[in-house]
Number of protein chains: 2
Amino acid sequence: MKKKERHQLLRKLVQQDVIRKQEDFVDKLHERGIEVTQATISRDIKELQLVKVPAQDGGYRYNLPPEMNYDISKKLSRLMRDAFVSIDTQREFVLIRTLPGNAFALGSLIETAKYSEMFGCVSGDDTVLIICRDEESAERFQRRIISFI
Amino acid sequence: MKKKERHQLLRKLVQQDVIRKQEDFVDKLHERGIEVTQATISRDIKELQLVKVPAQDGGYRYNLPPEMNYDISKKLSRLMRDAFVSIDTQREFVLIRTLPGNAFALGSLIETAKYSEMFGCVSGDDTVLIICRDEESAERFQRRIISFI
DNA sequence: CCTGAATAGTAATTCAAA
DNA sequence: TTTGAATTACTATTCAGG
């Protein structure tokens, strides 16, 4: 498993599970047959800028990075939660799949948001293709998008 | 000094100083003649829900809770709509002009928002000068700011 | 680069006290 | 309830090796 995939998985896990400490990540990955140590998770958390937030239940939990929430990002978030199916990158391209009929709206929002990594964007019925400035941008962009889910 | 006052002070400190670890809080309070230990700060942080965010400079810093940052971006948006005049970049600098008397407030908000692109910020009466990490950051930062209008 | 093992460095909690 | 001292628990980094 490559670092990139693991990062994606961590983002998913931190949202669907309650992760109270780094060892929880390690355990979750072990359950999936992925061998990784706390040291690596610590580094991943740093790169992904995950934060440990004191929770209302008296404990702590890791969360996605506190991002600036514009109106756009709230709309994006809502739409992503409703209609997001999958995301993938290939070179400088990012492909987002949505439920049928939602891709155009998503594409419009993404265009409005004017992400600096983005060079262009074209939407169909259930697919948005984003062309980024380069491969690195595509990865960063993907992370941004995933964080809306 | 009562807990409540200390909490208020911590909120202020976390915004105006770079707090990398809990001991930094302890030191800052000692400078002000307030005796307190790391244990207490840890409890305070929990109650205030401050978070330790991996920073872009490779370190970490404590920050206000994400929800509070959200409030800040709303304020920023309101102020921008009210007082924004122009924005321009030159190399790693971004210059924002506002209606007279509004720049200081804007600068404070921008500083509080702790944008990763930003290195420093100085405000006058109708001008905010932001020094970014590099030219690219300045451009990205400019886009972010414009998106508030 | 990326990682794990070991370890150093921080942070959270326990326990006793006021 | 709130706190500090001590301790435990957790997280970050160093160092060596893919």
Side-chain angles (χ1 to χ4, degrees), chain A residues 1-11 13-15 17-66 89 91 134-140 142-143, chain B residues 1-11 13-15 17-66 116:
Chain A
M1 156 156 287
K2 290 273 164 267
K3 187 167 83 163
K4 204 166 124 186
E5 299 172 61
R6 194 180 58 237
H7 279 188
Q8 234 178 291
L9 182 52
L10 292 184
R11 277 189 185 277
L13 288 173
V14 84
Q15 289 169 79
D17 298 314
V18 177
I19 307 292
R20 296 174 190 286
K21 51 185 188 181
Q22 302 187 352
E23 288 294 346
D24 291 348
F25 272 130
V26 175
D27 295 343
K28 293 282 177 197
L29 295 197
H30 280 182
E31 284 171 19
R32 288 156 206 251
I34 302 159
E35 285 303 311
V36 72
T37 59
Q38 176 267 325
T40 296
I41 295 295
S42 172
R43 289 184 278 249
D44 288 344
I45 283 172
K46 186 170 188 169
E47 286 169 42
L48 292 168
Q49 295 190 227
L50 303 186
V51 294
K52 190 177 163 192
V53 192
Q56 52 285 35
D57 72 344
Y60 296 82
R61 69 171 290 179
Y62 279 92
N63 252 337
L64 291 177
T89 63
R91 301 214 312 281
D134 53 42
E135 193 166 337
E136 192 197 338
S137 301
E139 283 162 23
R140 187 164 358 143
Q142 183 185 26
R143 277 182 240 121
Chain B
M1 159 159 282
K2 292 271 164 268
K3 189 167 84 163
K4 254 195 167 158
E5 298 174 61
R6 195 180 58 236
H7 279 189
Q8 252 181 275
L9 182 52
L10 292 183
R11 287 200 138 109
L13 288 173
V14 83
Q15 287 172 75
D17 298 315
V18 176
I19 307 291
R20 297 173 193 286
K21 50 185 189 181
Q22 301 188 351
E23 288 294 345
D24 290 348
F25 271 131
V26 175
D27 295 345
K28 292 282 176 199
L29 295 197
H30 280 182
E31 283 171 20
R32 287 155 207 251
I34 302 159
E35 286 303 312
V36 72
T37 60
Q38 177 266 325
T40 297
I41 295 295
S42 172
R43 289 184 278 246
D44 287 345
I45 282 172
K46 185 170 189 170
E47 286 168 43
L48 293 168
Q49 296 189 222
L50 303 185
V51 294
K52 189 178 165 192
V53 192
Q56 68 295 334
D57 71 349
Y60 296 82
R61 69 172 290 178
Y62 278 93
N63 224 334
L64 291 178
S116 59

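Side chains included, hydrogens not; waters and symmetry mates left out as well; all remaining heavy atoms used. Here is the naming used below: chain letters follow the sequence lines, and residue numbers restart at 1 for every chain. No experiment lies behind these values; they were computed from the predicted model shown.
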In whole angstroms, how far is the [atom2] atom of [N] from the [atom1] atom of [X]?
X       : N      : atom1 : atom2 : answer
A:Arg20 : C:dA12 : CZ    : P     : 14 Å
A:Arg6  : C:dC2  : CZ    : C1'   : 8 Å
B:Lys2  : D:dT2  : NZ    : P     : 10 Å
B:Glu47 : C:dA11 : CD    : P     : 17 Å
A:Asp44 : C:dC2  : CG    : C1'   : 10 Å
A:Glu5  : C:dT3  : CD    : P     : 11 Å
B:Leu10 : D:dT2  : CG    : C1'   : 15 Å
B:Arg61 : C:dT10 : CZ    : C1'   : 18 Å

Looking only at side-chain N and O atoms, does B:Ser42 come under 4.0 Å of OP1 or OP2 in C:dA12? yes

Residue-phosphate contact under 4.0 Å: A:Tyr62 side-chain N/O, D:dC10 OP1/OP2: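 Looking at the OP1 and OP2 atoms of D:dC10, neither is under 4.0 Å from any side-chain N or O of A:Tyr62.
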
Under the criterion side-chain contact (heavy atoms from CB on, under 4.5 Å), I'd like the reasoning laid out for B:Asp24 against B:Asp17: C-alpha separation, chi angles, the key distance, then a yes or no. CA-CA 10 Å; B:Asp24 290 348; B:Asp17 298 315; over 6 Å; no

B:Glu35 or B:Lys52, whichever maps to the more 5' nucleotide of DNA chain D: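 Mapping each residue to its closest nucleotide by heavy atoms, the 5'-most match is B:Glu35.
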
Heavy-atom pair of closest approach, residues B:Val26 and B:Val36: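 Taking every non-hydrogen atom into account, CG1-O, 3.4 Å.
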
Please pick, from [options], the nucleotide with the shortest atom-to-atom distance to any side-chain atom of [X].
X       : options               : value
B:Arg43 : C:dA5, C:dT10, D:dA5  : D:dA5
B:Ala39 : D:dG4, D:dT11, D:dT13 : D:dG4
B:Thr40 : D:dG4, D:dA12, C:dA5  : D:dG4
B:Lys46 : C:dT3, C:dA11, C:dT13 : C:dT13
B:Val36 : D:dG4, C:dG4, D:dT11  : D:dG4
B:Tyr60 : C:dA12, D:dT2, D:dT13 : D:dT13

[X] vs [Y] side-chain heavy atoms within contact, under 4.5 Å:
X       : Y       : value
B:Phe25 : B:Asp44 : no
B:Leu10 : B:Ile45 : no
A:Lys52 : B:Lys52 : no
A:Asn63 : B:Val51 : no

Which part of the nucleic acid, if any, lies within reach of B:Gln38 when heavy atoms closer than 4.0 Å are counted: base, sugar-phosphate only, or nothing?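 Base, at least one base heavy atom under 4.0 Å.
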
Could you tell me, to 10°, how much the axis swings from one end of the helix from C:dC1-D:dG18 to C:dA18-D:dT1 to the other, five pairs per end? 30°

Pair B:Lys21-B:Gln38, side-chain contact (heavy atoms from CB on, under 4.5 Å): steps then yes or no: CA-CA 10 Å; B:Lys21 50 185 189 181; B:Gln38 177 266 325; over 6 Å; no

So B:Leu50 and B:Leu64, side-chain contact (heavy atoms from CB on, under 4.5 Å) or not? Walk me through it. CA-CA 5 Å; B:Leu50 303 185; B:Leu64 291 178; 4.2 Å; yes

What residues 21-34 of chain B contributes to the DNA chain C interface at heavy-atom separation below 4.0 Å is B:Lys21, B:Gln22

Tell me if a side-chain donor or acceptor on B:Gln49 pairs with a main-chain N or O of A:Pro54 at a distance below 3.5 Å.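 Between the backbone of A:Pro54 and the side chain of B:Gln49 there is a qualifying donor-acceptor contact (under 3.5 Å).
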
Run the side-chain hydrogen bond (donor to acceptor under 3.5 Å, both in side chains) test against B:Glu47 and tell me which residues pass, sequence neighbours left out.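 side-chain hydrogen bond (donor to acceptor under 3.5 Å, both in side chains) check on B:Glu47 returns B:Lys3.
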
